[in-house]
2 protein chains.
Amino acid sequence: MSLTHLQSFVAVAEEGHVGRAARRLHLTQPPLSRHILALEDELGTRLFERTPRGMRLLPAGETLLCHARRILADVDTAVRTVRNLSTRERSTHPES
Amino acid sequence: MSLTHLQSFVAVAEEGHVGRAARRLHLTQPPLSRHILALEDELGTRLFERTPRGMRLLPAGETLLCHARRILADVDTAVRTVRNLSTRERSTHPES
DNA sequence: GGCGTCCAATGCTGTCTCGGCATGGCTCGG
DNA sequence: CCGAGCCATGCCGAGACAGCATTGGACGCC
């Protein structure tokens with residue numbers, strides 16, 4: 001389970017297509033497809049239903065989607081917060 | 001920024017020593033040391049003060065520690081939740 | 001003051017991961 | 001049927017990463 005996998009999962013869930021999600025993430029379809037398979041393997045359940053038109057979320061996928069969004073948002077917040085902290089610190093104490 | 005790096009960071013923060021944290025994570029000291037350096041590089045600020053006795057958290061590190069714990073806990077919850085979902089589902093519908 | 005100790009950082013190497021290319025299998029519409 | 005569109009898979013090369021060995025610096029002890 002990696003943040004990259006979660007990002008891939010969210011993108012596929014939102015696009016409904018592995019190929020489109022791949023374009024959005026500046027990736028190609030095969031690795032993205034493998035990210036989803038890896039997640040499903042790790043969680044022991046299917047997250048998407050494969051249709052000839054694309055990917056449709058299953059209940060387990062819906063659940064994961066909520067958690068994944070929250071996790072990714074938290075990571076983003078953490079990075080931003082620490083970054084801001086350091087720049088403020090730097091301008092408060094110009095140099096030692 | 002990866003979950004592995006965050007785990008390493010939390011372990012070092014709690015142990016106060018890279019070496020001890022490494023043992024706790026079943027890893028060796030060099031890669032763990034590099035995880036911390038990578039985080040510091042990515043965030044653009046020092047997270048620890050290096051003392052001859054080990055590593056002491058700096059303010060930016062304290063901040064990150066809170067976020068990191070929460071993120072890791074969320075990931076754990078997400079995995080557990082989806083796993084439980086799937087096993088319940090499986091026992092409700094014995095087979096299709 | 002020199003020496004052994006304890007710590008993190010770094011150079012290096014083998015392995016393993018991972019992304020991209022090419023292709024296969026499946027379903028549907030004409 | 002045939003062609004198009006979708007995801008899955010086999011394969012390969014580049015890059016990432018862990019571990020080993022070593023360096024470098026700071027203390028404490030004699």
Side-chain angles (χ1 to χ4, degrees), chain A residues 1-62 64-65 68 72 75 79 86 96, chain B residues 1-62 64-65 68 72 75 79 86 96:
Chain A
M1 165 88 71
S2 78
L3 293 175
T4 304
H5 287 173
L6 288 183
Q7 276 181 310
S8 299
F9 168 74
V10 171
V12 171
E14 289 176 352
E15 298 287 344
H17 291 256
V18 176
R20 255 205 290 282
R23 246 173 278 130
R24 172 167 141 190
L25 296 173
H26 307 290
L27 230 62
T28 55
Q29 175 257 323
L32 201 40
S33 183
R34 281 189 281 251
H35 290 181
I36 305 300
L37 291 172
L39 273 178
E40 292 180 328
D41 182 62
E42 182 175 358
L43 296 173
T45 187
R46 287 277 175 197
L47 300 169
F48 292 100
E49 181 194 350
R50 273 73 168 173
T51 79
R53 324 275 282 181
M55 313 275 278
R56 168 177 248 91
L57 272 177
L58 291 175
E62 299 271 11
L64 182 62
L65 184 55
L72 293 174
V75 169
V79 173
S86 70
S96 55
Chain B
M1 166 86 71
S2 76
L3 293 176
T4 304
H5 287 173
L6 288 183
Q7 275 180 311
S8 299
F9 168 73
V10 171
V12 171
E14 289 176 350
E15 298 288 345
H17 290 257
V18 176
R20 256 205 290 283
R23 247 173 277 129
R24 172 167 142 191
L25 296 173
H26 307 289
L27 230 64
T28 55
Q29 175 257 325
L32 202 40
S33 182
R34 281 189 282 252
H35 290 181
I36 305 300
L37 291 172
L39 273 178
E40 291 180 329
D41 182 61
E42 182 174 358
L43 296 172
T45 187
R46 286 278 176 197
L47 299 169
F48 291 100
E49 181 194 351
R50 273 72 168 173
T51 79
R53 323 277 282 181
M55 315 275 277
R56 168 176 248 92
L57 273 177
L58 291 175
E62 299 271 12
L64 182 62
L65 184 56
L72 294 174
V75 169
V79 173
S86 70
S96 56

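Values in this document were obtained by computation on a predicted structure and should not be read as measured data. Letters A, B, ... mirror the listed sequences (proteins, then strands); counts begin at 1.
In this structure, A:Pro31 and B:Thr51 both approach DNA chain C, and ranking their closest nucleotides by distance from the 5' end singles out B:Thr51. Along DNA chain D, the nucleotide nearest A:Arg53 and the nucleotide nearest A:Arg34 are compared for position; the residue whose nucleotide lies closer to the 5' end is A:Arg53.
Between the P atom of D:dA16 and the CD atom of B:Glu42 lies a distance of 14 Å, rounded to the nearest Å. Atom P of nucleotide D:dC17 and atom CG of B:Leu25 are separated by 16 Å, given to the nearest angstrom. One atom, CZ of A:Arg23, and another, P of D:dG5, lie 11 Å apart when rounded to the nearest Å. When rounded to the nearest whole Å, the span between NE2 of A:His17 and C1' of D:dA8 equals 17 Å. In this structure, CD of A:Glu49 is placed 13 Å from P of D:dC7, rounded to the nearest angstrom. If you measure from atom CZ of A:Arg46 to atom P of D:dA8, you get 7 Å, rounded to the nearest angstrom. Whole-Å rounding puts the A:Glu15 CD to D:dC7 P distance at 11 Å. Between B:His5 atom NE2 and D:dA18 atom C1' the separation is 12 Å, expressed in whole Å.
Here the closest heavy-atom approach between residue B:Leu3 and residue A:Met1 is recorded as CD1-O, 3.6 Å.
Taking 4.5 Å as the limit, some side-chain heavy atom of B:Arg50 sits within range of a side-chain heavy atom of B:Met55. Between B:Gln7 and B:Val12, the closest side-chain pair of non-hydrogen atoms is not below 4.5 Å. Side chains of B:Glu15 and B:Val10 form no contact here, defined as non-hydrogen atoms less than 4.5 Å apart. Contact of the B:Leu58 side chain with the B:Phe48 side chain is not registered, since no non-hydrogen atoms from C-beta on lie closer than 4.5 Å.
Interface remark: the B:Arg50 side chain does not form any donor-acceptor pair with the D:dG25 base, using a distance-only criterion of under 3.5 Å.
In this structure, CZ in B:Phe9 is found 4.0 Å from CG in B:Leu64, a value given to the nearest 0.5 Å. The structure places CZ of B:Arg34 at 9.0 Å from CD of B:Gln29, a figure rounded to the nearest 0.5 Å.
Other residues, nucleotides and ligands contribute over 12 non-hydrogen atoms within 6.0 Å of the CZ atom of B:Arg24.
The residue B:Leu37 sits close only to the backbone: its heavy atoms come under 4.0 Å of sugar-phosphate atoms, none of a base.
For DNA chain C, the contact window with chain B, defined by any atom under 4.0 Å from a protein heavy atom, covers C:dC7 to C:dC12 in 5' to 3' order.
Applying the salt bridge (charged side-chain N to carboxylate O under 4.0 Å, His left out) test to A:Arg23 and every residue at least two apart in sequence or in another chain returns nothing.
Between its two ends, the helix from C:dG1-D:dC30 to C:dG30-D:dC1 turns its axis by 10°, counting five pairs per end and rounding to 10 degrees.
Distance from the side chain of A:Met55 is smallest to D:dC7 among D:dA26, D:dC7, D:dT9.
A close approach under 4.0 Å does not occur between any side-chain nitrogen or oxygen of B:Thr28 and OP1 or OP2 of D:dA18.
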